[in-house]
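Down below is the structure, laid out as structure tokens.
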Protein chains: 2
Amino acid sequence: MKTATKVRSIASALVKNAGKRVRFASGKVAPFEQVKQHLKGRLAAGDWTPGALMPSEAELVAQFGVSRMTVNRALRELQLEGLIDRVQGVGTFAAQLNRVSSSLTIRDIHEEILARGHTHHATVHLVKDEVATATVAQRLGVIAGSRVFHTLIVHHENGVPLQCEDRYVNPECAPDYLSVDFTQVTPTHYLLDVAPLWEAHFSVEAGLPSAREAKLLGLKQTDPCLIVSRRTTNRGVPITQARLTHPAGRYQIEGAYKP
Amino acid sequence: MKTATKVRSIASALVKNAGKRVRFASGKVAPFEQVKQHLKGRLAAGDWTPGALMPSEAELVAQFGVSRMTVNRALRELQLEGLIDRVQGVGTFAAQLNRVSSSLTIRDIHEEILARGHTHHATVHLVKDEVATATVAQRLGVIAGSRVFHTLIVHHENGVPLQCEDRYVNPECAPDYLSVDFTQVTPTHYLLDVAPLWEAHFSVEAGLPSAREAKLLGLKQTDPCLIVSRRTTNRGVPITQARLTHPAGRYQIEGAYKP
DNA sequence: TGCATCAACTTGTCTAGACAAGTATAGTTC
DNA sequence: GAACTATACTTGTCTAGACAAGTTGATGCA
């Protein structure tokens, strides 16, 4: 029992598991799931106006004949989904607004291309130790004049340029960043290793490439691009800021929302 | 105790609650949270390579001296966050890939503009009962030749066109859709009322506007746009499909990721 | 009136044990 | 060797009860 790090061949198990999203598929539904679905249905039907007081855990226990832990789990998950608000000592309330929060997966470009069954290679166009200008310093979140690492890398899918990655890195967080071979490992992958716990803010917009980006991506400067800007921090300490430019038509972000 | 629908003034309670995100802030941390953070830290430190077998619940119970329910909650939440995979009958495994799933909120354009303190108005350019062409039918998910409702609305922020909303709606789900006054209520808001429980798939890309979109948004056809395509269904039944075109520079999607 | 106190109610969490269900392996039988 | 079986282990879930902590409203007192 001490072989905690033993790596089994679990591929088959995980594949089997993938098709098992709905447990108790054959009629049986777990009680906590029943409570959850019942409340979800009534919320959807408008039984409680936003902000209205909903039944307490004790009332639901009596109504469904299950234990409080079961009701509690149902309510906790509904709260996580943003459908209800709970206040200790007060009660449970229907959520104020129907906010729709979508889950969107941003993957390492290398893994993403490989997952499509295509080949990935990167060309490195700049690896430099710079002094931050005011603009760069503000975007990364360090003080102007600090040392920053700067890389400019183009990622290709099947030989076609797909992403121009213009990245600044805080030397404090990744002192050996400049010595990484970026044709072998992506900056994202390396930084995830060095500083694995981080928060990120990002924005997605359409725009035109800079002259250099256009040249590296094989575009005209009037060709539209999808531009993702991402800034990541670790407990408030800035790690990296990246501008990822993708030619329109070659790349799109996908996502899904499930209630 | 029977006044389940009584609406209390809970504004103050919810405001207080908002600042209470971290419970046990003063030193005390709930045991399940301790187990969670411990495993998170070791995962981040690379104690288990992706796919490696992690300690079983029983081992963690012995190690931390807590009950199995407590360990189970910690593991369940880690699974929800995508950090581990669990297979009944087999064990718990470190997740295969470090997917970074960002939470991205797509709000009703009306609410979004009002939240910025700006004025919103909509101009309606098309409200029509059509027969679905093959392309439209495929995008919406109905069979070609079906009746579909089609609206084309431009949303303005402070008088400037911000979004061209080209939408198809399944008449089965919203038979009265065409009689709605879209200068008063947005299609999103109306459809949320009619069919509140839905799943959505969306994609975000850069591209060029169609001739009509360019005209409605006051753009040249060579001006880049951010285009969001969204298709929503209710338990597999297609509700609506929308193409939301935003002029580059006037709109961006923002999001954040927290571990 | 104003203030302190207390009881009733709420949610938040933990426990120890139980049973169900899925998987893997060693052993047994054919 | 192949097929079956028993067993040990895993996760998934539920229960009944307990205590902590927060809120609310009534009560009593100055």
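Residue numbering restarts at 1 for every chain, and letters A, B, ... go by the order of the sequence lines. Only heavy atoms go into these numbers, but all of them, side chains included; no hydrogens, no water, no symmetry mates.
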Which nucleotide in the set [options] lies at the smallest distance from any side-chain heavy atom of [X]?
X       : options                : value
A/Arg68 : D/dC19, D/dT15, D/dG12 : D/dC19
A/Ala30 : D/dG17, D/dC14, D/dT11 : D/dC14
A/Asn72 : C/dT13, D/dT13, D/dC14 : C/dT13
B/Gln88 : D/dT23, C/dG12, C/dA20 : C/dA20
B/Phe32 : C/dT11, D/dT11, C/dC14 : C/dC14

Distance check: side-chain N/O of [X] vs OP1/OP2 of [N], anything under 4.0 Å?
X       : N      : result
A/Arg86 : C/dG12 : yes
A/Ser56 : C/dT10 : yes
B/Thr92 : D/dT10 : no
A/Thr70 : D/dT13 : no

Which residues share a side chain to side chain donor-acceptor pair (under 3.5 Å) with B/Asp176, sequence neighbours left out: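 Here no residue qualifies.
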Sub-4.5 Å side-chain heavy-atom contact between A/Phe93 and A/Val87: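 Touching, per the 4.5 Å side-chain cut-off.
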Any side-chain heavy-atom pair of B/Arg76 and A/Glu77 under 4.5 Å: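 Sidechains of A/Glu77 and B/Arg76: in contact.
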Sugar-phosphate, base or nothing in reach of B/Arg73, heavy atoms under 4.0 Å: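 Counting heavy atoms under 4.0 Å across all strands, the contact made by B/Arg73 is with sugar-phosphate only.
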A/His246 side-chain N/O to A/Leu226 backbone N/O, donor-acceptor pair under 3.5 Å: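 Indeed, once roles are kept as given, a pair shorter than 3.5 Å links the two residues.
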Between P of D/dT10 and CG of B/Leu60, the distance in whole Å: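 For the pair B/Leu60 CG and D/dT10 P, the rounded distance is 11 Å.
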Interatomic distance where CZ belongs to B/Arg76 and C1' belongs to D/dT11 [whole Å]: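 Rounding to the nearest Å, CZ of B/Arg76 and C1' of D/dT11 are 12 Å apart.
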Nearest-nucleotide comparison on DNA chain D, the residue closer to the 5′ end among A/Gly89 and A/Val66: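 Going by which nucleotide is closer to the 5' end, it is A/Val66.
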